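Bear in mind that the values here come from a model prediction, so they are computed numbers and not experimental data. Order of the sequence lines fixes the chain letters, A, B, ..., with proteins taken first and strands second; residue numbering starts at 1 for each chain.
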Protein chains: 2
Amino acid sequence: MRRVSSPRIPHADPSAQRAECAEPADRPRRRNRTVQRERLLEMLRSTDTHPTAADLFEGLRGEFPRLSLGTVYRNLEVLVCEGTVEQVPSQSGVMRYDGNPQPHHHFVCDACGDIRDLDIQLPSALTTRLQRRYKLRADRVRVDFFGLCETCSDRDS
Amino acid sequence: MRRVSSPRIPHADPSAQRAECAEPADRPRRRNRTVQRERLLEMLRSTDTHPTAADLFEGLRGEFPRLSLGTVYRNLEVLVCEGTVEQVPSQSGVMRYDGNPQPHHHFVCDACGDIRDLDIQLPSALTTRLQRRYKLRADRVRVDFFGLCETCSDRDS
DNA sequence: AGCTAAATCGAGAATGATTCCTGATTTAGG
DNA sequence: CCTAAATCAGGAATCATTCTCGATTTAGCT
Ligand SMILES: [Mn+2]
Ligand SMILES: [Mn+2]
Ligand SMILES: [Zn+2]
Ligand SMILES: [Zn+2]
């Protein structure tokens, strides 16, 4: 049976690439598509729980019985470098991953550690004030609100 | 030589205590003062570089040749629980410590990782909007601006 | 469809940060 | 002083993350 040529790899927006992942502009690194990485990204995009590498590993074991944790970390690094996925350092110290690269903010529960997405606009005056006062040019802003999530707040009272 | 009784330990503001460090209200844990912990706190208060545990260990070795890294971590935990010191999870994954418990915000350099204190007020409307929109009550807000610090920005161009 | 080079994989070892354990020392009270 | 509890130093243990390496897969090219 004749097979249709698979679609070209949709290259990630290079402008989003993290600085520490720069590759030589003359001979850019070739990327092979792999099912593991594709599923990893799908999984990250289909949740808003900001899972850890271990969470993702657990979630994919059923699908890929031979999957190894190293593969999860390796692919997360690729996605982060592409700018497709963001790392969210957590208060506990274990890294969490965010499949939503749109700028947005978080509410972090002090009790259970859950991280919830927020759709709140930060006044742009803030970054201009930053630049005037400190001569610092910020290209991203991240706001974390801390408190008790509804569940933990209910349990307490 | 008769010694003046040493001043009572100035107990940290209990209202600032981190939730995960709660102790039984009936028999509160007794705290002995130790030189190691006092110097650790002084060191944290005298800098704005948000050092790591290893940084602090290095900085104190001269003074306490037998100091162990475990002691640094153990005391940092105490200070964090008291609310005297704050943990600042960094993008690299290693925890950093902040001796300034006053609410303030940070500028993080994408290149060198330095964290700089900012004195910028966040409009209080933001937290009230949060509460109206999401029914979430936040007791702290943390804003991180990301970009290149002056040094790294100069080097690049 | 075959051929090859580069990319990626899985397994497991290595690393690095942080925590835990233990017996010795220090502190706070009485 | 005396004692109990807190803290220490040193070292082992744990946990997350990275690295190594030989085997496998992918992409590009006849
Ligand atoms: Mn998010
Ligand atoms: Mn600070
Ligand atoms: Zn919660
Ligand atoms: Zn810098």
Check your understanding: What is the distance from CD of B:Glu58 to P of C:dA17, rounded to the nearest Å?
Key -> 12 Å

Point to revise | Check: B:Asp117/B:His106 side-chain N/O donor and acceptor closer than 3.5 Å | key: yes

Review point. Heavy atoms under 4.0 Å, any strand shown: does B:Leu69 hit a base, just sugar-phosphate, or nothing?
Key: base

Review point. Roughly how many Å is it from CZ in A:Phe57 to P in D:dT17, rounded to a whole number?
Key: 14 Å

Check your understanding: Would you call B:Asp110-A:Arg140 a salt bridge at under 4.0 Å N-O?
Key -> yes

Review point. If you check the B:Ser68 side chain, which of D:dT18, C:dA11, D:dG10 turns out closest?
Key: D:dG10

Check your understanding: What's the CZ-P distance between B:Arg61 and D:dC8, to the nearest Å?
Key -> 17 Å

Review point. Which sits closer to the 5' end of DNA chain D, A:Ala53 or B:Val78, going by the nucleotide each is nearest to?
Key: B:Val78

Review point. Taking for each residue the nucleotide of DNA chain C with the nearest heavy atom, is it B:Ala54 or A:Phe64 whose nucleotide lies nearer the 5' end?
Key: A:Phe64

Study note, to complete from the structure: Taken to the nearest whole Å, CZ/B:Arg39 to C1'/D:dC8 is 18 Å

Practice item. Would you tell me if any nitrogen or oxygen in the side chain of B:Thr71 comes within less than 4.0 Å of OP1 or OP2 on D:dA9? Key: yes

Check your understanding: In whole angstroms, how far is the C1' atom of D:dC8 from the CG atom of B:Leu76?
Key -> 15 Å

Point to revise | N/O donor-acceptor pair under 3.5 Å between A:His50 side chain and A:Tyr97 backbone | key: no

Check your understanding: Hey, is CZ on B:Arg18 packed in by over 12 heavy atoms from elsewhere, all under 6.0 Å?
Key -> yes

Exercise for review: Identify whether the distance between the nearest side-chain nitrogen and carboxylate oxygen of A:Glu86 and A:Arg142 falls below 4.0 Å.
Suggested key: yes

**Study point:** Pair B:Arg33 + B:Glu38, salt bridge at N-O below 4.0 Å
**Key:** yes

Exercise for review: Looking at every strand, decide which applies to B:Arg74 at a 4.0 Å heavy-atom threshold: base, sugar-phosphate, or nothing.
Suggested key: base

Review point. How long is the line joining CG of A:Leu79 and P of C:dT8, in whole Å?
Key: 11 Å

Review point. Is the shortest distance from a Lys or Arg side-chain nitrogen in B:Glu58 or B:Arg61 to a carboxylate oxygen in the other one below 4.0 Å?
Key: yes

Review point. So, is B:Thr34 close to the C:dT27 phosphate, meaning a side-chain N or O under 4.0 Å from OP1 or OP2?
Key: no

Exercise for review: Whole angstrom is fine here: how far is it from CG in B:Leu56 over to C1' in C:dA17?
Suggested key: 14 Å

Exercise for review: Verify the contact: side-chain N or O of B:Arg29 to OP1 or OP2 of D:dT7, cut-off strictly under 4.0 Å; return yes or no.
Suggested key: yes

Point to revise | Contact under 4.0 Å: A:Arg31 side-chain N or O vs C:dA7 OP1/OP2 | key: no

Point to revise | Length of the line joining B:Arg66:CZ and C:dA24:P, which is rounded to integer Å | key: 14 Å

Check your understanding: With sugar-phosphate meaning primed atoms plus P, OP1 and OP2, does B:Gln36 contact a base, only sugar-phosphate, or nothing at under 4.0 Å between heavy atoms?
Key -> sugar-phosphate

Practice item. Tell me, yes or no, whether the heavy-atom count around A:Glu77 atom CD, taken from other residues, nucleotides or ligands under 6.0 Å, exceeds 12. Key: no

Point to revise | Proximity to the side chain of A:Arg33 - top-ranked nucleotide from D:dT7, D:dA16, D:dT26 | key: D:dT26

Point to revise | Pairwise 5' ranking along DNA chain D for B:Arg37 and A:Tyr97, keeping only the more 5' one | key: B:Arg37

Can you check nucleotides 1-6 of chain C for protein contacts, nitrogen or oxygen pairs under 3.5 Å, and list what you find?
{"unit_1": "C:dA6", "atom_1": "O4'", "unit_2": "A:Arg30", "atom_2": "NH2", "d": "3.3"}

